[in-house]
Amino acid sequence: MITSREDRGRPVPLLDVPRSNRPLRQEFQDAIMEVCDSGQFLFGPACQKLEEEMATWCGTDHAVGCASGSDALLVALMAENIGPGDEVIVPSFTFFSTASAAWRLGARPVFVDIDPVSFNISPAAIRDAITPATRAVIPVHLFGQCAEMPEIMQIARQHKLVVIEDTAQAIGASVEGEPAGSWGDVGCLSFYPTKNLGGFGDGGMMVTQDHRRAERLRLFATHGMKPRYQHHVVGINSRLDSIQAAALNVKLKHLPEATRLRQQNADNYQELFEQAGIDQQVVLPTSGDSMEHVWNQYTIRVPGGQRDALAKHLGERQIGHAIYYPIPLHQQACFQVEGEAPPCLPETEKAAAEVLSLPIFPELIDDELEQVVGNIGDFLAKRQRSAA
Ligand SMILES: *Cc1c(COP(=O)(O)O)cnc(C)c1O
């Protein structure tokens, strides 16, 4: 039940990483000390184990650890020789590194619009953006739900485009039972602490079905060097260290339960918004047919220009929330091309003005969800009174 107004006033954090990690303290300690005792801080058995496990999770034959999700995207494009003169189709409504990876290699990120319901890249917009210079497309599985991979793969195959999946927010998600990361040529994972599988710092991984591509990815992530001091290509140094891998191996065992709890929280939100009679005043996120959503974020839309006022209201009541993402990438200063106006991406721009992400982390308790929904209800009721 929704709490009465008198019951409110307890703060709710957007994220509480220590709350998730605390019960696993001893397991972390044992795993990390094992690495310390072994002295194998890079490419140790913990790294190999994590690569094997993530390949299984993603339904791929190979996985290659690297230093971050951003590096995974960069290395994946490097291994395809993407560079000046090439175009890479990306959504604009995403985190920075989806596009910066292409930009840094001298390629041009071509920003396209999203589907307003899923927030994910629109397959029709991909089709429209293809030119003879298009080499790759990077669908992002935003907020924990996969992009329309069956259709995107069909378009990509037809036009011989490389597909790099940005799976940073969607480890464990799937479409038609096929996991995120297994659809495209490479899947890029992030172990940033707030992702569904978060480490104790930065970390990332690339997954692929193709063993030759896996070798190239590993080559580019290790200075193009094989064996030692023989450099075949100019790569970078991007490694996943064994301490991260050891901690992640501990957390991976608990990922199915953590995902279940996120899904449960999403269901509970739906019910609480309905009970409060405000499920039509905001737009609640949905999980598409044939999609397994893993809810890295629970992102509502607040229409009617009220998003910022609601965010302020929640801020005053110490209810955690965030705006992912307030400025679309096609409008960022760093991506402007001299003499060209930025494209007009109406759905992206509308989403950036309306979205609000609410706490969804696995260990949230019922009272916290009720506080979140109750405070949103108060705001909407107050607005309605002042409009009347
Ligand atoms: C987090 C994230 C990244 C980058 O991952 P890092 O490990 O932080 O470098 C890339 N794309 C998306 C969509 C992300 O959410």
Side-chain angles (χ1 to χ4, degrees), residues 14-15 17 50 54 58 63-78 88-105 109 111-112 114-115 118-121 136-147 149 152 163-173 180-181 183-184 186-207 217 221 236-241 244-245 247-248 251 262 293-299 322-330 332 334-335 348 351-352 355 357 360-361:
L14 177 65
L15 287 160
V17 174
L50 186 66
M54 288 320 301
C58 295
V64 178
C66 64
S68 68
S70 303
D71 271 10
L73 291 161
L74 181 66
V75 170
L77 293 175
M78 287 175 92
V88 179
I89 297 175
V90 296
S92 171
F93 194 60
T94 175
F95 181 64
F96 181 66
S97 39
T98 312
S100 67
W103 186 278
R104 284 183 62 180
L105 296 174
F111 295 106
V112 303
I114 52 168
D115 171 82
S118 69
F119 300 110
N120 278 323
I121 194 166
V137 54
I138 311 184
V140 180
H141 306 317
L142 202 68
F143 303 148
Q145 177 166 242
C146 285
M149 291 316 292
I152 292 171
V163 178
I164 313 281
E165 294 177 67
D166 183 337
T167 311
Q169 300 184 6
I171 293 176
W183 287 84
V186 186
C188 297
L189 316 182
S190 166
F191 305 126
Y192 184 77
T194 65
K195 301 293 157 85
N196 283 24
L197 181 63
F200 291 179
D202 277 316
M205 199 165 275
M206 299 162 283
V207 294
L217 293 169
I236 61 172
N237 165 26
S238 184
R239 294 183 287 232
L240 176 69
D241 65 72
Q244 284 308 333
L248 289 163
K251 283 192 99 167
R262 284 175 185 273
H293 196 323
V294 296
W295 300 100
N296 181 244
Q297 300 295 343
Y298 187 85
T299 302
I323 297 171
Y324 305 116
Y325 296 93
I327 307 174
L329 297 185
H330 71 285
Q332 297 286 350
C334 66
F335 291 132
T348 297
V355 288
S357 297
I360 184 87
F361 65 89

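What you see below is based on every heavy atom in this structure, not just the backbone, and it leaves out hydrogens, waters and symmetry mates. Indexing begins at 1, ligand by ligand and atom by atom, following the structure's order.
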Can you see which heavy atom on F93 is nearest to which on A351, and at what distance?
-> CZ-CB, 3.9 Å
Which word best sums up how the rings of F143 and F119 line up, parallel for under 30°, tilted for 30 to 60°, or perpendicular for over 60°?
-> perpendicular
Considering residues at least two apart in sequence or located in another chain, which fulfil the ring-ring contact (aromatic ring centres under 6.0 Å, His included) criterion with F361?
-> none
Considering only N or O atoms, set out every pair between ligand 1 and the protein closer than 3.5 Å, with distances to one decimal place.
residue	atom	partner	partner atom	Å
ligand 1	5 (O)	S190	OG	3.3
ligand 1	7 (O)	G69	N	2.8
ligand 1	7 (O)	S190	OG	2.7
ligand 1	9 (O)	G69	N	3.4
ligand 1	9 (O)	S70	N	2.8
ligand 1	9 (O)	S70	OG	2.5
ligand 1	11 (N)	D166	OD1	3.2
ligand 1	11 (N)	D166	OD2	2.7
ligand 1	15 (O)	Q169	NE2	2.8
ligand 1	15 (O)	K195	NZ	3.0

Could you state the interatomic distance from CG (L73) to OG1 (T98), rounded to the nearest 0.5 Å?
-> 6.0 Å
For the student: nearest non-hydrogen atoms of M206 and C66, plus distance = CE-CB, 4.1 Å
To the nearest 0.5 Å, atom OH of Y324 lies from atom CD of Q169 at 9.0 Å
